[in-house]
Amino acid sequence: MKSINCGLLRKEHVGQSVTLAGWVHRRRDHGGLIFFDLRDRSGLVQVVFSADISEPAHKQAETVRPEFVVQVTGVVRSRPQGLINPNLDTGDIEVEVSELTILNAAKTPPFAINEETEVRDEVRLRYRYLDLRRQRMQKNLLLRHKITTFIRNYMDANDFVDIETPILLKSTPEGARDFVVPSRLHAGKFYALPQSPQQMKQLLMVAGFERYYQIARCFRDEDLRADRQLEFTQLDLEMSFAESDDVRALIEAMLIQLFEEVSDMKIRQKPFPVLTYQEAMDRFGIDRPDLRFGMELIDLTEAVRGSKFGVFANTAAAGGQIKALCAPGAASFSRKKIDQLTETVKARGAKGLVWLKTANDGLRSSIAKFLTEEEKDAIIDLTGAEEGDLILAVADKPAVVADALSALRTQLGAELRLIDPDELALCWVVDFPLLEWSEEESRWVAVHHPFTSAKPEQWPLLETDPGAVLANAYDVVCNGMEIGGGSIRIHDAEHQSLLFRALGISDEEAQEQFGHLLEAFSYGAPPHGGIALGLDRLVAILAREESIREVIAFPKTASATDLLLNSPSPISERQLQELHLKIAE
RNA sequence: GGGGGCGUAGUGUAGCGGUUAACACGUCGGCCUGUCAAGCCGAAGAUCGCGGGUUCGAUUCCCGUCGCUCCCGCCA
């Protein structure tokens with residue numbers, strides 16, 4: 001239906017007769033002369049109608065409106081002198097239309113397709129197919145395509161095999177809430193959608209594929225966020241005979257090459273810095289630090305241990321911490337602004353926020369009268385505060401201090417414009433604890449997942465001090481967002497059983513839930529490990545989008561509905577019956 | 001489950017205890033042969049999300065509810 005795409009027309013086509021098809025992006029009707037900007041995926045081109053060229057075409061063009069789908073035939077010609085549009089790739093030429101076919105009329109769309117105006121998310125999602133016509137979403141989804149294509153090529157070049165794993169899987173008690181699918185053929189039984197292909201890919205290692213990857217859809221029935229959807233996509237891969245360094249090197253090289261190929265953003269540091277979990281927590285209070293700016297956390301506990309300020313002294317004595325960060329140039333913050341910051345830390349469980357301002361006449365502070373000169377000097381020395389800076393300190397249990405100050409750091413980083421929006425600051429975080437204590441379940445639970453191996457020398461600790469065992473796991477972090485995580489897995493039944501026991505899973509339960517895996521391990525499972533990268537988050541970062549919804553064609557709302565399809569929706573009584581289901585009141 | 005923000009013509013916003021509810025873009029009609037965010041003239045278009053309350057009077061204040069959104073919990 002078309003001989004060439006709109007956006008590809010250039011001077012070299014002048015004199016040729018072409019047939020174009022697309023959407024009317026914009027119409028400028030001058031009476032005797034009518035212009036369309038004709039749009040297809042490749043871009044825009046101006047087409048001209050006048051009675052001098054074709055009276056019927058010109059007459060019909062009067063009836064055309066934006067978003068009509070049309071086909072035009074005409075001759076490409078150079079634009080007259082002075083009428084060249086430098087803002088358009090096709091601005092040197094235009095098409096004189098001799099024939100116009102309206103392939104389909106269009107209602108006036110609920111929002112402008114031809115300009116990048118803000119539109120309520122509600123309306124955008126209700127008419128997602130129109131939203132997707134707009135430049136922003138076209139650009140984002142094409143970027144996503146480029147990224148997945150790059151990844152597939154890279155994986156293929158590195159000898160990885162793309163293998164599909166089931167969507168109808170089995171529910172497991174560990175981890176996130178499963179999406180569950182009732183079985184018609186087996187009354188009262190259910191499949192579960194994969195939270196990740198974790199077990200299947202490990203079985204593929206036992207099966208001898210050595211290098212597997214998949215761009216895999218995963219499902220978790222948890223509440224949504226800007227960076228979390230019910231279903232999401234990850235680059236999932238697994239390697240046999242690989243150590244953690246092998247996986248990390250492969251992924252690091254891939255990410256660097258990918259970023260250089262598809263993005264003009266700059267990588268801040270290569271190779272990526274590697275932080276231990278403990279180091280990340282100490283310096284940033286969080287295991288996914290945003291390394292685009294400094295403002296690290298400073299431990300003041302020893303400096304103020306003997307302070308006359310009761311909160312400091314008591315917190316230190318009780319084994320807590322006093323930590324601070326130094327906000328450059330923020331001494332000018334008003335009382336009201338500091339109150340706002342105080343709200344930030346209180347929302348994270350801190351009881352208050354101590355502030356100290358460095359000025360030319362010395363230190364001003366909410367607690368100035370309690371501090372000795374020695375203590376003041378120590379605080380300034382430790383924080384490296386310079387004139388005009390604002391020091392903010394929190395005293396509490398280490399977990400609260402970390403949480404409060406990391407939130408504060410993130411907020412201040414943005415507000416003080418310490419972040420270069422063109423920068424990609426990546427790092428690896430390693431040496432995570434294998435287990436953490438769950439108060440709710442009063443048992444140890446896996447920090448990563450229950451197939452993660454401890455570091456080899458750490459196994460003996462599992463029985464004596466489970467919380468101290470370090471996992472052979474690694475996360476890759478970009479701009480404060482976790483974009484991937486992986487580990488070296490357990491590959492023998494003994495260690496796997498050991499870990500299940502540590503997790504409070506009885507041998508019987510382990511057999512029932514994971515017997516297939518334990519059995520597989522007894523048939524010659526190679527040492528293996530892998531990683532999963534969150535594709536949606538990765539694309540969002542490179543598209544400079546705040547929410548992964550902007551890089552997903554048909555996302556769900558924050559309340560887990562689809563406004564276009566109107567899902568979820570009830571099913572018929574007949575369907576319920578077939579599935580052996582009854583709706584409880 | 002909890003907390004915050006938002007909801008006013010098709011879209012984006014303004015407004016505010018008493019308005020003819022304003023502006024821009026869009027839409028519709030007219031004029032127009034060089035525009036490209038075309039221009040000029042004219043017009044239509046809003047039960048101010050929904051329900052209740054306070055009030056002489058509510059789009060405005062209060063309560064509830066629904067929707068969108070951000071965050072906490074949750075997310076191995």
Side-chain angles (χ1 to χ4, degrees), chain A residues 25-38 44-53 58 62 65-67 79-88 90-91 94 96 107-127 130-131 134 172-178 195-196 198-199 218-230 232 343-344 346-349 403 407 410-411 432 434-436 438-441 443-452 471 473 482 485 487 499 503 505 532 534 546-547 549 556-561 563:
Chain A
H25 191 65
R26 216 170 245 121
R27 191 183 69 117
R28 292 176 293 280
D29 185 346
H30 290 224
L33 204 57
I34 299 173
F35 303 96
F36 292 175
D37 291 334
L38 193 62
L44 298 175
V45 69
Q46 174 165 284
V47 303
V48 197
F49 299 84
S50 91
D52 305 343
I53 314 163
H58 176 262
E62 288 176 355
R65 292 293 178 270
E67 298 309 310
R79 293 209 193 179
Q81 203 62 40
L83 297 175
I84 286 167
N85 183 352
N87 301 319
L88 211 57
T90 59
E94 62 190 5
E96 285 188 325
K107 293 202 282 188
T108 303
F111 49 83
I113 309 299
N114 55 19
E115 36 188 296
E116 295 301 303
T117 46
E118 282 292 306
V119 180
R120 288 207 303 281
D121 284 10
E122 212 171 332
V123 182
R124 290 179 60 200
L125 292 174
R126 163 77 179 77
Y127 298 96
L130 296 180
D131 189 37
R134 307 211 303 168
T172 51
E174 293 286 302
R177 230 174 253 121
D178 282 319
Q195 298 177 25
S196 96
Q198 183 59 36
Q199 291 188 54
C218 305
F219 305 84
R220 291 176 192 177
D221 186 7
E222 298 291 348
D223 286 4
L224 296 85
R225 285 280 198 288
D227 62 351
R228 276 162 33 189
Q229 284 269 312
L230 299 181
F232 59 98
E343 284 312 307
T344 297
K346 281 188 171 167
R348 302 301 183 116
D403 202 27
T410 304
Q411 184 181 342
F432 283 85
L434 184 67
L435 306 173
E436 65 186 344
S438 164
E439 289 295 342
E440 198 183 323
E441 302 177 57
R443 65 173 184 108
W444 292 97
V445 295
V447 169
H448 200 56
H449 57 55
F451 315 109
T452 300
E482 183 199 321
S487 62
L499 181 55
L503 291 170
I505 301 172
E546 297 290 323
S547 166
R549 277 192 309 275
K556 304 279 187 286
T557 66
S559 48
T561 63
L563 296 177

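To find a chain, count down the sequence lines: A is the first, B the second, and so on, and within it residues start at 1. Scope of the values below: all heavy atoms of this structure, side chains included, with no hydrogens, waters or symmetry mates. Just so it is clear, the structure is predicted and the values come from calculations on it, not from any experiment.
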Backbone N/O of [Y] and side chain of [X]: donor-acceptor pair under 3.5 Å:
{"X": "A/H58", "Y": "A/I53", "result": "no"}
{"X": "A/R27", "Y": "A/E62", "result": "yes"}
{"X": "A/R26", "Y": "A/N114", "result": "yes"}
{"X": "A/R134", "Y": "A/E115", "result": "yes"}

Taking atom [atom1] in both [N] and [M], what distance in whole Å separates the two?
{"N": "B/U65", "M": "B/G1", "atom1": "P", "value": "12 Å"}
{"N": "B/A58", "M": "B/C74", "atom1": "P", "value": "46 Å"}
{"N": "B/G12", "M": "B/A37", "atom1": "C1'", "value": "15 Å"}
{"N": "B/U59", "M": "B/A9", "atom1": "C1'", "value": "14 Å"}
{"N": "B/U60", "M": "B/G53", "atom1": "C1'", "value": "15 Å"}

Quiz item: Going from CG on A/D121 to CZ on A/R126, what distance comes out if it is rounded to the nearest 0.5 angstrom?
Solution: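 Taking CG in A/D121 and CZ in A/R126, the distance rounds to 15.0 Å.
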Quiz item: Counting only heavy atoms not in A/R177, do more than 12 fall under 6.0 Å of its CZ?
Solution: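 No, not enclosed.
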Practice problem: Check the surroundings of atom CD in A/E116: do more than 12 heavy atoms from other residues, nucleotides or ligands lie under 6.0 Å from it? | Solution: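 Check passes, neighbour count above 12.
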Quiz item: So does A/D131 pair up with A/R124, basic N to acidic O under 4.0 Å?
Solution: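 Looking at A/D131 and A/R124, the cut-off is met.
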Rounded off to whole Å, could you give me the [atom1]-to-[atom2] distance for the [X] and [N] pair?
{"X": "A/F36", "N": "B/A38", "atom1": "CZ", "atom2": "P", "answer": "13 Å"}
{"X": "A/R27", "N": "B/C28", "atom1": "CZ", "atom2": "C1'", "answer": "11 Å"}
{"X": "A/E482", "N": "B/C75", "atom1": "CD", "atom2": "C1'", "answer": "10 Å"}
{"X": "A/E439", "N": "B/C74", "atom1": "CD", "atom2": "C1'", "answer": "16 Å"}
{"X": "A/Q411", "N": "B/C72", "atom1": "CD", "atom2": "C1'", "answer": "15 Å"}
{"X": "A/F49", "N": "B/C36", "atom1": "CZ", "atom2": "C1'", "answer": "15 Å"}
{"X": "A/E118", "N": "B/C68", "atom1": "CD", "atom2": "P", "answer": "18 Å"}
{"X": "A/E222", "N": "B/C71", "atom1": "CD", "atom2": "P", "answer": "16 Å"}

Select base, sugar-phosphate, or nothing to describe what [X] touches, counting heavy atoms under 4.0 Å on all strands.
{"X": "A/P450", "value": "base"}
{"X": "A/A226", "value": "sugar-phosphate"}
{"X": "A/V445", "value": "nothing"}
{"X": "A/L44", "value": "nothing"}

Is the shortest side-chain N/O distance from [X] to OP1 or OP2 of [N] below 4.0 Å?
{"X": "A/S559", "N": "B/C68", "result": "yes"}
{"X": "A/T561", "N": "B/C68", "result": "yes"}
{"X": "A/R126", "N": "B/G67", "result": "no"}
{"X": "A/R120", "N": "B/U11", "result": "yes"}

Quiz item: Going through the distances and angles, do A/F111 and A/L130 end up as a side chain to side chain contact (heavy atoms under 4.5 Å, CB included)?
Solution: CA-CA 8 Å; A/F111 49 83; A/L130 296 180; 3.9 Å; yes
Counting only Watson-Crick pairs (N1-N3 plus N6-O4 or O6-N4) and G-U wobbles (N1-O2, O6-N3), all under 3.5 Å, who is the partner of [N]?
{"N": "B/G10", "value": "B/C25"}
{"N": "B/U60", "value": "none"}
{"N": "B/C75", "value": "none"}
{"N": "B/C68", "value": "B/G5"}
{"N": "B/G39", "value": "B/C31"}

Could a donor-acceptor pair under 3.5 angstrom be found where the side chain of [X] meets the base of [N]?
{"X": "A/R26", "N": "B/C36", "answer": "no"}
{"X": "A/D121", "N": "B/C68", "answer": "no"}
{"X": "A/R549", "N": "B/C68", "answer": "no"}

Self-check item: 5' priority, RNA chain B, between A/S196 and A/R225 [closest heavy atom]
Solution: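 The 5'-side residue here is A/R225.
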Self-check item: A/E174 vs A/N87, nearer the 5' end of RNA chain B by closest nucleotide
Solution: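 On the 5' side of the pair lies A/N87.
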Self-check item: Closest non-hydrogen atom pair, A/E67 against A/I113
Solution: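 For A/E67 versus A/I113, the nearest heavy atoms are OE2-CB, 3.3 Å.
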Below 3.5 Å between N/O atoms, which protein atoms pair up with nucleotides 23-27 of chain B? Just atom names and distances, please.
none

Quiz item: Where the side chain of A/L125 is defined as all heavy atoms beyond and including C-beta, which of B/U69, B/C71, B/G12 is the nearest nucleotide?
Solution: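 The answer is B/U69, which lies nearest to the side chain.
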Quiz item: Can you list the steps and then say if A/Q46 with A/N85 is a side chain to side chain contact (heavy atoms under 4.5 Å, CB included)?
Solution: CA-CA 10 Å; A/Q46 174 165 284; A/N85 183 352; over 6 Å; no
Exercise. Using the test salt bridge (Lys or Arg N to Asp or Glu O under 4.0 Å), find all partners of A/R443 that sit at least two apart in sequence or belong to another chain.
Key: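 So A/R443 forms a salt bridge (Lys or Arg N to Asp or Glu O under 4.0 Å) with A/E174, A/E441.
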Using atom names, set out every protein N or O paired with an N or O of nucleotides 31-35 of chain B below 3.5 Å, distance rounded to 0.1 Å.
unit_1: B/C32; atom_1: N3; unit_2: A/D29; atom_2: O; d: 3.3
unit_1: B/C32; atom_1: N3; unit_2: A/G31; atom_2: N; d: 3.3
unit_1: B/U33; atom_1: OP2; unit_2: A/H30; atom_2: O; d: 3.4
unit_1: B/U33; atom_1: OP2; unit_2: A/G32; atom_2: N; d: 3.0
unit_1: B/U33; atom_1: N3; unit_2: A/D52; atom_2: OD2; d: 3.3
unit_1: B/U33; atom_1: O4; unit_2: A/D52; atom_2: OD1; d: 2.7
unit_1: B/U33; atom_1: O4; unit_2: A/D52; atom_2: OD2; d: 2.7
unit_1: B/G34; atom_1: O6; unit_2: A/R77; atom_2: NH2; d: 2.8
unit_1: B/G34; atom_1: N1; unit_2: A/E94; atom_2: OE2; d: 2.9
unit_1: B/G34; atom_1: N2; unit_2: A/E94; atom_2: OE1; d: 2.6
unit_1: B/G34; atom_1: N2; unit_2: A/E94; atom_2: OE2; d: 3.1
unit_1: B/U35; atom_1: O4'; unit_2: A/H30; atom_2: NE2; d: 3.4
unit_1: B/U35; atom_1: O2'; unit_2: A/H30; atom_2: NE2; d: 3.4
unit_1: B/U35; atom_1: O2; unit_2: A/R28; atom_2: NE; d: 2.7
unit_1: B/U35; atom_1: O2; unit_2: A/R28; atom_2: NH2; d: 3.4
unit_1: B/U35; atom_1: O2; unit_2: A/Q46; atom_2: OE1; d: 3.2
unit_1: B/U35; atom_1: N3; unit_2: A/Q46; atom_2: OE1; d: 2.8
unit_1: B/U35; atom_1: N3; unit_2: A/Q46; atom_2: NE2; d: 2.9
unit_1: B/U35; atom_1: O4; unit_2: A/Q46; atom_2: NE2; d: 2.7
unit_1: B/U35; atom_1: O4; unit_2: A/R79; atom_2: NH1; d: 3.2

